[in-house]
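Because the structure is predicted, anything quoted here is derived from the model rather than measured. For ligands, and for the atoms within them, numbers begin at 1 and follow the listed sequence. Index from 1, following the sequence.
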Amino acid sequence: MSKKNNNENIVSETQIAVHWKEEEYFGPNPKFKEQANLSDPNVLEEYGEKNFPECFNKYADLLTWDKKWDTTLDTSNPPHWKWFVGGKLNASYNCIDRNLAKNKNKTAIHFVPEPENEAITHITYQELYYKVNEFAAVLRDYCGLKKGDTVTLHMPMVPELAITMLACARIGVIHSQVFSGFSGKACADRIVDAKSKYLITSDSYYRAGNLLDHKEKADIACDNAEEKGQHVDKVLIWQRYPGKYSAATPLIEGRDVFVNDILKDYRNAKVDPVSLDANDTLFLMYTSGTTGKPKGAQHSVGGYMSYVTGTSKYIQDIHPEDVYWCMADIGWITGHSYIVYGPLALAASSVIFEGVPTHPDAGRPWRVAEELDVNIFHTSPTAIRALRRVGADEPTKYDYHFKHMTTVGEPIEPNVWRWYYNVVGKKEAVIVDTWWQTETGGFLCSTVPGLHKMKPGSAGPGAPGIYPAILDEDGKLLPKGCGKAGNIVIRNPWPGLMMTVWGDDERFKRQYFDRYCKDPKSTDWHDWPYFAGDGAVEATDGYFRILGRIDDVINVAGHRLGTKELESAGLMVDEVGEAAVVPVADPIKGKIPHIFVSLKPGYKASEELMKKVSDTLASEIGPIAKPGRVWIVPDMPKTRSGKIMRRVLGAIASGQDAGDVTTLANPQIVEEIKKLY
Ligand code: 6R9
């Protein structure tokens, strides 16, 4: 779809004006480079297109296979690519058993409870082996679960979540973990879609100082699932304090059982890992997207495990002696790939943190880092902004040293990136900005930390073996350095890509491939680019800067502005802690941006400050970006994974109904913001 703008130039719908200035490069740090898993530029060439798909055999070779694969990539049924066909393996074996010979006494999981007076616990690989076997016996012998069955997990950030996942993986049971912050009803929808007869949950967990009753959500989930036609036979409940029930909601007889009680009958049980086909399913991870019912991204055992292990090694730079802390929740894909499966397959020590990073104060993460001597740290821009907002100098007070840090989940504003680099990383740590999705299993764009320079706000080039491109609305390639944004696609298959949407092959094809498929009859992968749904621009150096979901684009008088670049300009105002930009209908310009900002502690809203924000947008981006209104708000409405809900802000700014806000992390904020209207 093309249309004419005021200058009579043809502009396409995807051509967002990109006004962001080029940022300077950083690093890579020579000390980091010396120890990096990947620092030889020639190796990178081995992942070039002429070696595709065999280049990914190197990732698969990082795993232990029961039977080696015959075919690296089978494209006979597009777009359901099959990797490592004929190969057999087990994920639980790869994350646990094979590490025992050299590392059985090493910590696999450091569990950091939220209350600071509770000691950190350290689970060795031997203990993990023991616990996973016992629970696998419960699943197999007590529950009667077998390969290919699904179970829904609704568990908080406790080690038992990783144990449950690995126990499922051990016997080929497909786990579907639902983020613990989601409601019982959201859990029910996922139980119904996955057709789970078992729900595995916890009685309670700590959140910002409160021990929450989590079991009450299980009751709602089961009742709601029943109404929708899915009966849950049993609810298995892990106890936050084993042997003690910490929730007020009574048990339902015949349905609810404490894991701790059953485990007594399976003491020291051992369960042989089931040898699975590479293309059997390891887990489902539901993703909501902006529209439609949640989709179950169905991930494979062989391809997924190879991809997360390879990227954990080369992008996260995990060595077995590292203490690695990813602050994401295991209820999201980041936690599955880069807290559990990737790091454990590499025999690292992975930290599971129960709590809120800024509780009881902004120094908490840095105290944990100091105590455990964490050297790899992984978090999101939303957490970085929150930590900067409440404790910009806190990191300097603690004696920890990161060699490597990751940002993931949203585009990071360059000046937030610089705080992360200078203050959190103490100018010692390299940063990778990893762009990817639930659907993609692992990283798609990122610098290789021992090889590439970093550029604030840019994810970087395609990860090894990933060939991204920017296409316009008509599928024409937008060459690098052209300054125009478009839709980012991945031209080739890769092992981490989901196999399909659970129970809906058609939706998988429609959502991710129909957009740019060159020939639906073709079995040549070149005809099937993966459409990610994000807008992006490729700089002359081949680095991709992600501008956000393509729906987050504002068209002001024919100029397409990325919300992210406006927000980034807003964040250049010292007083601003967070910023969100939304489009509001305007009779003259079509759409006009409104900017919502929340302030760092100690600052107050004023007319003067509003003007300062407005002027900064105009001076940084251009007069076209001058916002229709600057809203100074106490906080942003956020999803449970910390993403700002621009949809809600857009509705408020337009004087419309904000819709269903019950799934927000902070629904009460919506009323407060509405009062400003
Ligand atoms: C891993 C994860 C996916 C969407 C994705 C994009 C945004 C993720 C990003 C990023 C810019 C990054 N996103 N990482 N945008 N830079 N480094 O977050 O998966 O929850 O499925 O979200 O998040 O818009 O399309 P998921």
Side-chain angles (χ1 to χ4, degrees), residues 16 20 177-179 181-182 284-291 294-297 299 304 307-308 311-312 315-316 326-339 342 378-385 405-414 416-417 420 431-447 454-463 466 468 485 487-490 496-498 501 511-512 530-538 543-553 562-565 567-568 638-647 663:
I16 309 159
W20 239 334
Q177 152 72 3
V178 179
F179 171 55
F182 272 148
L284 308 179
M285 167 63 67
Y286 282 85
T287 171
S288 337
T290 40
T291 51
K295 312 178 273 285
H299 284 287
Y304 172 85
Y307 198 64
V308 300
T311 48
S312 292
I315 307 292
Q316 289 302 113
C326 172
M327 256 190 354
D329 195 290
I330 299 176
W332 308 118
I333 190 70
T334 300
H336 275 49
S337 301
Y338 299 113
I339 297 178
H378 188 154
T379 191
S380 62
T382 192
I384 300 168
R385 288 191 294 258
M405 305 193 299
T406 305
T407 166
V408 62
E410 279 179 281
I412 186 166
E413 299 81 359
V416 175
W417 190 99
Y420 195 36
I431 295 181
V432 291
D433 180 346
T434 59
W435 169 74
W436 59 296
Q437 307 173 305
T438 303
E439 295 88 333
T440 74
F443 307 145
L444 293 178
C445 283
S446 170
T447 48
M454 304 166 254
K455 195 162 73 174
S458 287
I466 302 287
N487 294 322
I488 187 164
V489 299
I490 308 301
L497 177 65
M498 66 201 278
V501 171
Q511 181 113 15
Y512 306 102
Y530 171 82
F531 171 71
D534 281 330
V537 59
E538 184 180 5
Y543 280 32
F544 292 88
R545 175 185 280 166
I546 309 297
L547 301 169
R549 305 296 300 163
I550 45 179
D551 334 329
D552 293 341
V553 163
T563 47
K564 207 64 216 173
E565 57 182 328
E567 290 164 7
S568 196
K638 290 205 179 134
T639 64
R640 304 283 179 161
S641 63
K643 289 178 182 157
I644 298 174
M645 284 292 278
R646 292 182 182 74
R647 173 181 67 74
T663 57

query = Hey, is the main chain of Gly642 close enough, under 3.5 Å, to the side chain of Thr382 for a donor-acceptor pair?
reply = yes
message = Keeping Ser337 on the side-chain end and Thr334 on the backbone end, is there a donor-acceptor pair under 3.5 Å?
response = no
inquiry  = With a heavy-atom distance limit of 4.0 Å, tell me whether Thr434 approaches ligand 1 through its side chain, its backbone, both, or neither.
reply    = backbone
remark   = Numbered in order shown, the ligand 1 atoms found under 4.0 Å of a heavy atom of Thr334 are 1 (C)
From the candidates Cys445, Gly533, Gly409, the one that places a heavy atom nearest atom 23 (O) of ligand 1 = Gly409
task = Side-chain contact test, heavy atoms from C-beta onward, threshold under 4.5 Å: evaluate it for Asp433 versus Ile412 and give yes or no.
result = yes
task = Mind checking whether Thr438 contacts ligand 1 via backbone (N, CA, C, O), side chain (CB onward), both or neither, at a 4.0 Å heavy-atom cut-off?
result = both
note = For atom 11 (C) of ligand 1, the closest protein heavy atom turns out to be Pro411 N, 3.0 Å
inquiry  = Looking only at protein heavy atoms, which one is nearest to atom 5 (C) of ligand 1, and what is the separation?
reply    = Asp534 OD2, 3.1 Å
message = For a 4.5 angstrom cut-off between non-hydrogen side-chain atoms, does Met285 reach His336?
response = yes
request  = Compare all side-chain heavy atoms of Gln437 with those of Asp534 and state whether any distance is below 4.5 angstrom.
outcome  = yes
ask   = Can you name the one residue among Tyr338, Trp435, Tyr307 that meets ring-ring contact (aromatic ring centres under 6.0 Å, His included) with Phe443?
value = Tyr338
ask   = Any idea which atoms of ligand 1 are less than 4.0 Å away from a heavy-atom of Ile546?
value = 11 (C), 15 (N)
ask   = Can you tell me which residue and heavy atom of the protein come closest to atom 1 (C) of ligand 1, and the distance to 0.1 Å?
value = Trp436 CE2, 3.5 Å
task = Answer with yes or no whether Trp332 contacts ligand 1, where contact means a heavy atom under 4.0 Å from a ligand atom.
result = no
ask   = When you look for heavy atoms under 4.0 Å from ligand 1, do you find them on the side chain of Lys643, its backbone, both, or neither?
value = side chain
query = Which is closest to atom 12 (C) of ligand 1 by heavy-atom distance: Gln437, Glu410, Arg545?
reply = Glu410
key: Side chain to side chain, Ile339 and His378, heavy atoms closer than 4.5 Å   = no
Glu538 side chain reached by Tyr543 side chain, heavy atoms, under 4.5 Å = no
query = Which ligand 1 atoms does Asp433 reach within 4.0 Å, using its non-hydrogen atoms?
reply = 12 (C), 16 (N), 17 (N)
